[in-house]
Amino acid sequence: MSWLLDNRALVLDLTLEHARLSAVPIVVALLASIPLGWLAHRVRVARLIVLSSFNLVFTIPSLALFVLLPLLLGTRILDDLNVMVALSLYAIAMMLRGAVDGFDHVSPAVRRSATAMGYSRAGLFWTVQLPLAGPVLLATLRVVSVGTVSLLSVAALIGKGGLGYLFTNGFQRDHPAEIVVGIVFVLLVALAFDLVLVLAGRALLPWARLPKEAGAR
């Protein structure tokens with residue numbers, strides 16, 4: 001506790017950096033996975049190509065990707081962009097399967113009924129398919145959020161890892177208290193992100209709670 005009090009400014013700065021670098025890939029994964037997941041749901045060839053491509057990306061070791069991206073993006077290795085692009089690719093790879101499953105989860109009978117009622121293709125997507133796929137998308141996004149917050153710590157090995165700095169510096173100085181503080185604050189960031197997603201889900205997807213509440217009556 002004394003180490004944390006003495007270094008609270010450093011821990012606060014690293015926590016904010018960790019949250020900032022983690023938030024962008026999570027948002028990018030959600031925005032990219034919805035159209036890609038819908039395309040993969042609709043077109044069998046696209047499903048094979050998209051899922052296989054991002055599964056391949058997921059097999060690339062994170063440290064190797066952090067070092068490789070500057071060569072492809074023309075940036076310096078310590079640029080935030082490298083870390084956010086790498087984490088976005090991993091986040092999309094994790095999110096995409098859930099997006100496809102979410103759209104697959106929508107009953108064909110519901111789609112046929114909506115079409116018979118006169119829904120256009122766009123109306124069917126925005127008012128029927130996306131809302132019904134929402135609970136699966138949210139559940140997957142919560143997993144992506146925790147995974148991204150955890151994975152970011154690895155970037156500390158190239159000098160850009162937010163709270164991961166406390167791990168590398170603590171190991172180098174043989175200072176367990178610093179490492180423990182890093183672990184605790186990574187968990188707190190992950191819990192904060194998860195809480196935001198849960199609250200957002202309750203606000204945006206109120207129908208997702210209906211079966212449980214109905215069963216409790």
Side-chain angles (χ1 to χ4, degrees), residues 14-41 46-104 133-134 136-168 182-183 185-198 200-201:
L14 292 174
T15 301
L16 294 176
E17 181 186 36
H18 204 102
R20 177 175 59 83
L21 292 175
S22 300
V24 173
I26 294 169
V27 174
V28 169
L30 177 62
L31 297 179
S33 297
I34 290 175
L36 287 174
W38 182 83
L39 179 65
H41 161 74
R47 185 190 194 102
L48 178 64
I49 294 174
V50 170
L51 291 180
S52 299
S53 298
F54 278 97
N55 283 340
L56 184 62
V57 169
F58 204 67
T59 63
I60 301 175
S62 56
L63 190 57
L65 191 58
F66 290 140
V67 175
L68 179 63
L69 279 177
L71 302 177
L72 301 176
L73 301 176
T75 54
R76 295 175 300 172
I77 194 167
L78 291 180
D79 281 352
D80 289 352
L81 181 62
N82 298 324
V83 175
M84 289 190 282
V85 170
L87 292 180
S88 294
L89 291 173
Y90 287 129
I92 294 172
M94 288 188 284
M95 184 75 200
L96 196 53
R97 170 59 68 180
V100 175
D101 289 343
F103 288 117
D104 287 347
V136 179
L137 289 170
L138 176 61
T140 309
L141 189 62
R142 292 178 64 186
V143 176
V144 170
S145 172
V146 173
T148 301
V149 171
S150 176
L151 185 59
L152 174 60
S153 303
V154 178
L157 296 175
I158 61 168
K160 276 288 178 181
L163 290 164
Y165 168 80
L166 299 181
F167 302 157
T168 56
I183 294 173
F185 273 77
V186 167
L187 290 174
L188 291 176
V189 172
L191 288 173
F193 276 31
D194 192 56
L195 179 61
V196 169
L197 291 175
V198 170

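All values derive from a computational prediction rather than experimental measurement. The analysis underlying the following values was restricted to heavy atoms, covering all of them including side chains, and did not include hydrogens, waters or symmetry mates. Numbers here simply count residues along the sequence, with the first being 1.
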Practice task
Return each pair, listed once, that meets side-chain hydrogen bond (donor to acceptor under 3.5 Å, both in side chains) where at least one residue sits in residues 189-198; pairs must be two or more places apart or across chains.
Solution key: Arg142-Asp194
Problem - By side-chain contact (heavy atoms from CB on, under 4.5 Å) - contacts of Val143 (at least two apart) - result: none
Completion exercise
Value for CG (Leu73) from CG (Leu81), rounded to nearest 0.5 Å, stands at 5.5 Å
Practice task
Identify the heavy atoms of Pro70 and Asn82 that sit nearest to each other, and give their distance.
Solution key: CG-ND2, 3.5 Å
Exercise for the section: Determine whether Ile34 and Phe103 make a side-chain contact, defined as any pair of heavy atoms from C-beta on separated by less than 4.5 Å. Expected result: yes
Completion exercise
Scanning both residues in full, the closest heavy-atom pair of Phe193 with Ser145 reads CB-OG, 3.3 Å
Practice task
Give, for atom CG of Leu163 and atom OG of Ser150, the distance between the pair rounded to the nearest 0.5 Å.
Solution key: 11.5 Å
For residues 22-33, which side-chain N or O atoms pair as donor and acceptor with protein atoms under 3.5 Å away, sequence neighbours left out?
residue	atom	partner	partner atom	Å
Ser22	OG	His18	O	2.7
Ser33	OG	Ala29	O	2.6

Practice task
Using the test side-chain contact (heavy atoms from CB on, under 4.5 Å), find all partners of Leu188 that sit at least two apart in sequence or belong to another chain.
Solution key: Val184, Phe185
Exercise for the section: Check whether any side-chain heavy atom of Leu191 lies under 4.5 Å from a side-chain heavy atom of Leu195, and answer yes or no. Expected result: no
Practice task
Sorted by first residue and then second, give each salt bridge (charged side-chain N to carboxylate O under 4.0 Å, His left out) pair with at least one member in residues 77-89; sequence neighbours left out.
Solution key: Arg20-Asp80, Arg76-Asp79, Asp80-Lys160
Return a table of donor-acceptor pairs under 3.5 angstrom between the side chains of residues 47-59 and protein atoms on other chains or two or more places apart.
residue	atom	partner	partner atom	Å
Arg47	NH1	Asp104	OD2	3.3
Arg47	NH2	Asp104	OD2	2.7
Ser52	OG	Leu48	O	2.6
Ser53	OG	Ile49	O	2.6
Asn55	ND2	Leu51	O	3.1
Thr59	OG1	Leu56	O	2.5

Exercise for the section: Kindly write out the residues that satisfy side-chain contact (heavy atoms from CB on, under 4.5 Å) with Leu16, not counting sequence neighbours, or none if the list is empty. Expected result: Leu12
Anything under 3.5 Å between a donor and an acceptor, one on a side chain of residues 90-102, the other on a protein residue two or more places apart or in another chain? List them.
residue	atom	partner	partner atom	Å
Tyr90	OH	Ile60	O	2.5
Tyr90	OH	Pro61	O	3.4
Tyr90	OH	Ser62	N	3.1

Handout entry: Heavy-atom closest contact (Leu69 atom, Val85 atom, distance)
Key = CD1-CG1, 3.9 Å
Completion exercise
For Leu39, the side-chain contact (heavy atoms from CB on, under 4.5 Å) test, sequence neighbours excluded, returns Val43, Ala46
